[in-house]
Amino acid sequence: MPREGLSPCHLKKAKLMFFYTRYPSSSTLKTYFPDVKFNRCVTSQLIKWFSNFREFFYIQMERFARQAAREVLSVARERALRLGRDTELYRILNMHYNKSNDYQVPERFVEVSEVALREFFSAIQSGRDADPCWKKSIYKIICKLDSSVPDNFRLPGCPTDTYRMG
DNA sequence: CTGAAACCTG
DNA sequence: CAGGTTTCAG
């Protein structure tokens, strides 16, 4: 019995899905929320969520990229452009998309994030950020790095749930 | 002219 | 995050 609207659980699930896909299509989303009764509003709300996820993601990338650009020593820059699981940027991302920290952040996401970080850095470094639409080229690169979401996400509830009902 | 995504605000 | 507005491709 599909529920009327989206619950906090659905939000949590959507955030975890972001680890795999930054630009999911509405049709794709429908296959991952079998316990949701889709309609115009629900669909747009889900799309909106991902839009907000991306916004947060890119804001952080730009922030850290500019921070790296300020570093004088090349060694310091390289260190700032590294997005390991022991970095501040990683901590921020994990905190936002995996608040309860009960999901293993896929390596792929860490890689894609670093690509984004470096793209922002090079764009800033070369002064391309003067162009009003300079971010668009970066978005185009990142959207191609989407990967498929694991099949267990197609089940109701979150992959982090210990048990499911029914 | 729409619809999707970015952008801006609260 | 939700709402409203702007931008832009189709």
Side-chain angles (χ1 to χ4, degrees), chain A residues 2-70 81 83 88-103 105-106 108-149 153-161:
Chain A
R3 198 172 190 176
E4 261 310 330
L6 295 167
S7 69
C9 285
H10 294 133
L11 173 57
K12 178 180 179 181
K13 180 176 186 173
K15 285 191 172 186
L16 295 181
M17 284 177 68
F18 187 77
F19 282 146
Y20 300 93
T21 175
R22 269 62 60 186
Y23 294 83
S25 66
S26 58
S27 58
T28 295
L29 289 173
K30 290 176 182 176
T31 69
Y32 287 95
F33 293 88
D35 55 340
V36 173
K37 188 190 302 176
F38 278 85
N39 57 50
R40 201 167 321 179
C41 290
V42 173
T43 301
S44 61
Q45 183 182 16
L46 212 39
I47 290 294
K48 179 61 178 179
W49 279 358
F50 277 83
S51 177
N52 283 324
F53 297 164
R54 286 193 297 275
E55 186 174 44
F56 180 85
F57 180 78
Y58 289 129
I59 285 176
Q60 301 310 315
M61 294 304 140
E62 180 177 0
R63 186 157 75 86
F64 278 75
R66 288 190 182 289
Q67 187 173 299
R70 293 194 207 98
L81 291 173
L83 182 43
E88 173 68 0
L89 180 50
Y90 174 85
R91 188 189 69 70
I92 291 175
L93 295 176
N94 186 53
M95 173 73 91
H96 190 75
Y97 304 113
N98 185 31
K99 181 95 174 181
S100 55
N101 192 39
D102 53 6
Y103 189 79
V105 180
R108 173 64 170 169
F109 178 69
V110 178
E111 295 170 0
V112 174
S113 297
E114 186 168 309
V115 169
L117 178 61
R118 289 175 182 283
E119 283 300 328
F120 267 96
F121 174 77
S122 66
I124 292 169
Q125 204 59 26
S126 62
R128 276 176 286 163
D129 59 332
D131 181 335
C133 299
W134 67 287
K135 296 177 184 178
K136 286 191 65 177
S137 62
I138 298 177
Y139 299 154
K140 188 162 34 176
I141 293 174
I142 302 305
C143 76
K144 290 178 181 175
L145 301 181
D146 269 17
S147 49
S148 60
V149 180
F153 275 75
R154 293 178 188 286
L155 299 170
C158 279
T160 55
D161 292 346

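Numbers restart at 1 for each chain; the letters A, B, ... are given by sequence-line order, proteins then strands. Just so you know, these numbers use all the heavy atoms, side chains as well, and skip hydrogens, waters and symmetry mates.
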- Message: Parallel, tilted or perpendicular: which one describes the rings of A:F153 and A:Y20, with boundaries at 30° and 60°?
- Response: perpendicular

- Query: Counting side-chain heavy atoms from CB outward, which of B:dA6, C:dC8, C:dA2 is closest to A:Q45?
  - Reply: C:dA2

- Figure out the NZ/P separation between A:K140 and B:dA6, and round it to whole Å. 13 Å

- Query: CG of A:L29 versus C1' of B:dA5: gap in Å, rounded?
  - Reply: 14 Å

- Message: Any heavy-atom pair between the side chains of A:T21 and A:T28 that's under 4.5 Å?
- Response: no

- Query: For A:Y23 and C:dA9, what is the distance between atoms OH and C1' respectively, to the nearest whole Å?
  - Reply: 15 Å

Using a 3.5 Å cut-off and no angle test, enumerate the donor-acceptor pairs between side-chain atoms of residues 129-137 of chain A and protein atoms at least two apart in sequence or in another chain.
{"residue": "A:D129", "atom": "OD2", "partner": "A:R66", "partner atom": "NH1", "Å": "3.2"}
{"residue": "A:D129", "atom": "OD2", "partner": "A:R66", "partner atom": "NH2", "Å": "3.3"}
{"residue": "A:D131", "atom": "OD1", "partner": "A:C133", "partner atom": "N", "Å": "2.7"}
{"residue": "A:K135", "atom": "NZ", "partner": "A:E62", "partner atom": "OE1", "Å": "3.0"}
{"residue": "A:S137", "atom": "OG", "partner": "A:W134", "partner atom": "O", "Å": "3.2"}

- Query: When you measure from the side chain of A:R108 to the backbone N and O of A:V105, does any donor-acceptor pair fall under 3.5 Å?
  - Reply: no

- Query: Which of residues 57-64 of chain A sit near DNA chain B, with a heavy atom under 4.0 Å from it?
  - Reply: none

- Message: When you measure from the side-chain N and O atoms of A:Y139 to the phosphate of B:dC7, is any distance below 4.0 Å, counting only OP1 and OP2?
- Response: yes

- Task: Select one nucleotide: of C:dA9, B:dA6, C:dA2, the one nearest the side-chain heavy atoms of A:S51.
- Result: B:dA6

- Message: How many whole angstroms separate atom CZ of A:F50 from atom P of C:dA2?
- Response: 13 Å

- Task: Figure out the CZ/C1' separation between A:F18 and C:dC1, and round it to whole Å.
- Result: 14 Å

- Counting side-chain heavy atoms from C-beta on, which of B:dA5, B:dC7, C:dC1 comes nearest to A:F53? C:dC1

- Query: Does A:H96 reach the main-chain N or O of A:L93 with its side chain, forming a donor-acceptor pair under 3.5 Å?
  - Reply: no

- Message: Using modelled atom types and a 3.5 Å cut-off, is there a donor and acceptor pairing between side-chain atoms of A:K144 and backbone atoms of A:Y139?
- Response: no

- Message: Can you measure A:N52 atom CG to B:dT9 atom C1' for me and round it to whole angstrom units?
- Response: 12 Å

- May I ask you to verify if any side-chain N or O of A:K15 is less than 4.0 angstrom from the OP1 or OP2 atom of C:dC1? yes

- Query: OP1 or OP2 of B:dA6 less than 4.0 angstrom from a side-chain nitrogen or oxygen of A:R54, does that happen here?
  - Reply: yes

- In terms of side-chain heavy atoms of A:K48, which of C:dC8, C:dC1, C:dG3 is nearest? C:dG3

- Would you kindly give the NZ-to-P distance between A:K135 and B:dC8, to the nearest whole Å? 8 Å

- Query: Between A:F56 (CZ) and B:dA6 (P), how many Å, whole number?
  - Reply: 16 Å

- Assign A:E55 to base, sugar-phosphate, or nothing according to its heavy-atom contacts below 4.0 angstrom with the strands shown. base

- Winner on side-chain proximity to A:K136, out of C:dC1, B:dC7, C:dC8, is C:dC8

- Does the gap between the ring centers of A:Y97 and A:Y103 come in under 6.0 Å? no

